[in-house]
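One structure is given here, and the rest of the page talks about it.
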Number of protein chains: 2
Amino acid sequence: MSDDDLPGVSPKRRAILEGAAALFMAEGFGAVSMDAVARTAGVSKATLYAYFSGKDALFAEIIRGNCRRMQAAAPPSFSSHDLPLDRALVEFGEHWLNFLLQPQVRALHRMVIAECGRIPELARAFYEAGPLAVRAWVAGWLAEEVLRGRLRPGTDPDLAAEQFLSLLRGDLFLRATLGLEPQANPEAVSALARQAAAGFLAIYAAIRPLASERMDSSENLHRHES
Amino acid sequence: MSDDDLPGVSPKRRAILEGAAALFMAEGFGAVSMDAVARTAGVSKATLYAYFSGKDALFAEIIRGNCRRMQAAAPPSFSSHDLPLDRALVEFGEHWLNFLLQPQVRALHRMVIAECGRIPELARAFYEAGPLAVRAWVAGWLAEEVLRGRLRPGTDPDLAAEQFLSLLRGDLFLRATLGLEPQANPEAVSALARQAAAGFLAIYAAIRPLASERMDSSENLHRHES
DNA sequence: GTCTATAAATTGATAGAC
DNA sequence: GTCTATCAATTTATAGAC
């Protein structure tokens, strides 16, 4: 069922999948012909149809394959136990935003949105492999932080995760999805992560700084983009 | 330049624009033929091409028209001066979410995302007429609230507006854009607006409640969805 | 301006030889 | 499995009569 990345897979199948993925991401599903797919992969159309029953099936397999890759690539590698909470939040935020703003990930998201009316299953698969999986991971992390006493007791980890991720997306995510953000600006990403972490901690931190300290830390963290 | 909604406009032009808009929103740009557009509008293809030079031009005019309509419909009608700040935030949040989650608005957003690779100008026009205009309006409002002393002095109105709107979008906005939210559930919208307002005030309210009061108000405001 | 009829190209998909 | 050659349908767009 899952052919991708395995060494024993037909090289033509790989060539078709990779070439077609690049075409679909660059021009969109509707604008790509099976003729172009075959030409790009260096095979004939008959061979193409020997591997995939049709254009929709090819598209679906590409989306599913990229969802698996997305699910595997998203979780961060750091352990939050070694860091102060604010540093850990910023670190995670930068990691996640850098992943999310990759052109291929934006292109995948765009394709799923464009075709969600015709093929709703793909939209659900994407949502569960992407946003939902990440939110679950963050919620688990935040639940630990509540137990460790670094977040306010009584915090709902799911809600907190949703709000943190929403703060992280900000307008940058909207613009990137609309193709208005050609390359991810590292400084904008860093600023956004710091702003989101500062906001999140203002809501959920177990120990609130006093008013005077608050102003200081917000001066440090709230550097504005653009 | 702007024909829409004016009474002196050719009825056939209107019929074409409205019919084509419905078709594009229902099936996507690529899946709709000019034949179907002409049939739906009750005109011949020759007439269709007499009004619009091609499929792309027709599409662009539909997007621009809907952007204007979106820009006109988004601002809320209430005056925040009559309400306590938390109520005003929730009220605005519900108003904006209800607007944003309309199927037509989601469909417009989807179409722009789907075609932003081919026609980048449309993505920019959409972003400026929609997200950017709303953020500017909210930033203006929040700047007033800072002056009135209901928000923390030193607050950056633009950043605060971005964060409030991000909290409002939450996961519901993502799901709706992916077509996973068939109809906007009024209770989910209301809950999301209350959660966003509570989070926003925890970051930016001028006067913080004491720890004990904080728990109470968060019990009231943080009702979790689904 | 509006129609009918049609051009000209491209589409997704297949038949049959090897 | 892989190719060449081709089908049948559909596509965008236009010519010419009224």
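Values below: all heavy atoms of this structure, side chains included; hydrogens, waters and symmetry mates excluded.
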Set of side-chain hydrogen bond (donor to acceptor under 3.5 Å, both in side chains) partners for B:Asp35, sequence neighbours left out = B:Lys45
Within the structure shown, what part of the strands sits under 4.0 Å from A:Tyr51 by heavy-atom distance: base, sugar-phosphate, or nothing?
-> sugar-phosphate
Which whole-number value in Å describes the distance from A:Phe29 CZ to C:dG12 C1'?
-> 10 Å
Which is true for A:Ser33 with a 4.0 Å heavy-atom rule: it touches a base, it touches only sugar-phosphate, or it touches nothing?
-> sugar-phosphate
So, does B:Arg118 use its side chain to make a donor-acceptor pair with the main chain of A:Glu27 at under 3.5 Å?
-> no
Distance under 6.0 Å and angle within 45° of ring axis: A:Lys55 vs A:Phe29 = yes
Mind calculating the distance between CG (B:Leu48) and P (D:dT11) to the nearest angstrom?
-> 14 Å
Over how many whole Å does the gap from B:Arg13 atom CZ to C:dG1 atom P extend?
-> 10 Å
Quick one: sort the A:Phe78 and A:Phe92 rings into parallel, tilted or perpendicular, breaks at 30° and 60°.
-> tilted
Do A:Tyr204 and A:Glu145 have a side chain donor and acceptor closer than 3.5 Å?
-> no
Could you run through nucleotides 13-18 of chain C and give me one letter per nucleotide, 5' to 3': B if any protein heavy atom sits under 4.0 Å from the base, S if only the sugar-phosphate is that close, - if neither?
-> BBB---
Using a 4.0 Å heavy-atom cut-off across all strands, classify A:Val37 as base, sugar-phosphate, or nothing.
-> nothing
Atom pair distance, as rounded to whole Å: CZ in A:Arg39 and C1' in C:dT11 = 13 Å
OP1 or OP2 of D:dG1 sitting under 4.0 Å from any side-chain N/O of A:Thr47?
-> no
Nearest-Å distance for atom pair CG/C1', residues B:Leu23 and D:dT11 = 16 Å
B:Thr40 meets the side-chain hydrogen bond (donor to acceptor under 3.5 Å, both in side chains) criterion, sequence neighbours left out, with none
